[in-house]
S.K.: 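Structure below; questions to follow.
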Amino acid sequence: MHKIKLKKKKRRKKMAGDLALPLIDLVSPDLASTAKSIRKACVDYGFFYLVNHGIEESFFQQVFNESKKFFSLPLDQKMKLKTRKDNRGYNPLPSVTLDSPPKVKGATYVRVYYISSSKISHSQFDANQWPPEELLPCWKAMMESYYEKMLAVSKKLISLMALSLGLDDLFFEKIGALHEPLACVRLLHYPVSLFSTFMFWAKCFEESCGRLGVSAHSDFGMVTLLLTDGVRGLQICRDKDSSPQLWEDVPHVHGALVVNVGDMLERWTNCLFRSTLHRVLTTEQERYSVAFFLDGDPACMIECLESCCSKENPPRFSAIQCADYLQGHISAELYNLGLN
């Protein structure tokens, strides 16, 4: 795979609302510099681009092609794989509304397919649902391969995040957070919204009138790695307590994954790393993306890192077992989906 060269480009006037997130090179030989850049990105934004991650662009395209094949199936075929109480399978629109309390009128407007690790031993998780091989012969193998590749990338990234926190690069491995982590792939399809098409041409994507693909939320796990297809829509709000909230567009960077810090890592770091509020707006274009959520091993403990607290800055959260932490968040998600 050709490495992405990080060249300085001439500054140009950005469109209002565009955000220039940091680019993190996963194979840079300068680990100290990379760790420093990750720390700054996680403190300032909670989001960054990840390049030179080792996954071929052609593979990403194959994943998108298989995703499109599934979402193009007749509704009756997809509904045979409708999401169950283990939160695996197909969830048709209108989907989960993640605002709590909701701040935007209307339902979240996205179709989702959930795939979790088959190695999970918790009784509440059953086996994944898969489309019949006669309909999509390569689908299962492709998604399992995507899961394994993203897990490997995320583990390498976590080791760099540990360095950025002044810890040993294998810290999260040693405390068991990555022993048998819960992780999930979500295939997302945002259909064209006629309403959003009208608003786009009216140049009015304001929260009071734009239709949301995914409502404002933060992710509850460790980190999220997002693959995007180039269609705009992702936005972040760096100050969730501001009024009105300022939403900034996250432009697509070819070949890069969009990474964001989750609530769990924010808790581990005593709010040093920020879990940033984000959402997706539907546009006049159909949009596909694939999210990989790394949520940690249920057996490990989540407690404030020594490098992130002091007498002047004591721990803000009590220690909790990862299983208990995740149970509360997963139960809330199932409630929003109407599956409990």
Side-chain angles (χ1 to χ4, degrees), residues 42 46 83-89 91 96 98 100 112-129 144 147-148 150-159 161-162 165 167-186 217-225 259-276 291-309 314-340:
C42 293
T83 309
R84 305 171 305 199
K85 289 190 176 182
D86 61 1
N87 200 17
R88 300 185 186 189
N91 187 37
V96 55
L98 298 171
S100 181
V112 188
Y113 199 95
Y114 301 80
I115 304 166
S116 293
S117 170
S118 59
K119 298 177 182 178
I120 296 171
S121 58
H122 268 214
S123 60
Q124 65 177 354
F125 295 97
D126 299 323
N128 287 305
Q129 300 190 81
E144 287 182 331
Y147 175 94
E148 294 297 336
M150 296 302 285
L151 181 61
V153 171
S154 62
K155 285 184 175 182
K156 187 172 183 179
L157 175 61
I158 290 294
S159 71
M161 286 182 155
L165 293 164
L167 304 169
D168 182 273
D169 63 335
L170 297 178
F171 173 82
F172 288 103
E173 292 273 6
K174 292 176 179 177
I175 65 170
L178 303 179
H179 177 54
E180 288 187 354
L182 299 186
C184 173
V185 171
R186 290 186 184 177
H217 67 287
S218 60
D219 298 340
F220 61 75
M222 290 183 72
V223 292
T224 303
L225 284 70
V259 177
N260 66 276
V261 173
D263 298 345
M264 185 187 296
L265 194 55
E266 182 180 70
R267 182 173 181 135
W268 244 315
T269 63
N270 210 26
C271 296
L272 174 66
F273 285 6
R274 64 166 68 187
S275 180
T276 303
F292 179 84
F293 300 90
L294 182 67
D295 296 336
D297 189 304
C300 78
M301 291 296 296
I302 305 170
E303 51 189 331
C304 182
L305 301 172
E306 290 186 7
S307 63
C308 297
C309 63
R316 303 186 187 190
F317 309 97
S318 57
I320 186 173
Q321 188 172 24
C322 185
D324 296 328
Y325 170 87
L326 290 172
Q327 182 60 50
H329 286 82
I330 292 172
S331 296
E333 184 171 89
L334 294 176
Y335 176 80
N336 285 331
L337 286 167
L339 295 174
N340 68 344

S.K.: D168: which residues meet the salt bridge (charged side-chain N to carboxylate O under 4.0 Å, His left out) condition with it, sequence neighbours left out?
M.R.: K174
S.K.: Mind checking what makes side-chain hydrogen bond (donor to acceptor under 3.5 Å, both in side chains) contact with S275, not counting sequence neighbours?
M.R.: D263
S.K.: Roughly how far apart are E180 CD and D297 CG, rounded to 0.5 Å?
M.R.: 6.5 Å
S.K.: So, the side chain of R267 versus the backbone of S318: is there a donor-acceptor pair under 3.5 Å, distance only?
M.R.: yes
S.K.: When rounded to the nearest 0.5 angstrom, what is the spacing between CE in M161 and CG in D169?
M.R.: 14.5 Å
S.K.: Not counting sequence neighbours, which residues clear ring-ring contact (aromatic ring centres under 6.0 Å, His included) with F273? List them please.
M.R.: none
S.K.: Do L265 and F172 have side chains that get closer than 4.5 Å, going by heavy atoms?
M.R.: yes
S.K.: For C322, give me all partners under side chain to side chain contact (heavy atoms under 4.5 Å, CB included), at least two apart in sequence or on another chain.
M.R.: M264, C300, I302, L326
S.K.: Taking atom SG of C308 and atom CH2 of W268, what is their separation to the nearest 0.5 Å?
M.R.: 12.0 Å
S.K.: Could you walk me through whether R316 and C304 pass the side-chain contact (heavy atoms from CB on, under 4.5 Å) check?
M.R.: CA-CA 8 Å; R316 303 186 187 190; C304 182; over 6 Å; no
S.K.: Out of curiosity, H217 NE2 to T276 OG1, how far, rounded to the nearest 0.5 Å?
M.R.: 11.5 Å
S.K.: Please tell me if the side chains of L305 and L165 come closer than 4.5 Å, counting only heavy atoms from C-beta onward.
M.R.: yes
S.K.: If we only count heavy atoms from C-beta on, is the L178 to L294 side-chain gap below 4.5 Å?
M.R.: yes
S.K.: Would you find a donor on one side and an acceptor on the other, under 3.5 Å apart, between the side chain of E173 and the backbone of H179?
M.R.: no
S.K.: Are M222 and I158 close enough that some pair of their side-chain heavy atoms sits under 4.5 Å apart?
M.R.: yes
S.K.: Has the side chain of D295 got a donor or acceptor atom that lies under 3.5 Å from a matching backbone atom of A183?
M.R.: no
S.K.: Could you tell me if the side chain of N128 sits less than 4.5 Å from the side chain of S116, heavy atoms only?
M.R.: yes
S.K.: Check side-chain hydrogen bond (donor to acceptor under 3.5 Å, both in side chains) between N260 and all other residues, then give those that pass, not counting sequence neighbours.
M.R.: D219
S.K.: Do you know which two heavy atoms are closest between G89 and Q129, and how far apart they sit?
M.R.: CA-NE2, 3.7 Å
S.K.: Answer whether the closest heavy-atom distance between the side chains of E303 and F317 falls below 4.5 Å.
M.R.: no
S.K.: A side-chain contact here means heavy atoms from C-beta on lying under 4.5 Å apart; do S154 and F292 qualify?
M.R.: yes
S.K.: Is the positively charged end of R186 above the ring of F293, judged by distance under 6.0 angstrom from the centroid and angle within 45° of the axis?
M.R.: yes
S.K.: E306: what forms a side chain to side chain contact (heavy atoms under 4.5 Å, CB included) with it, not counting sequence neighbours?
M.R.: none
S.K.: In Å and rounded to the nearest 0.5 Å, what is the CG to OG1 distance from N91 to T83?
M.R.: 4.5 Å
S.K.: Could you tell me which non-hydrogen atom of C184 sits nearest to which non-hydrogen atom of Y147, and how far apart they are?
M.R.: N-CE1, 4.4 Å
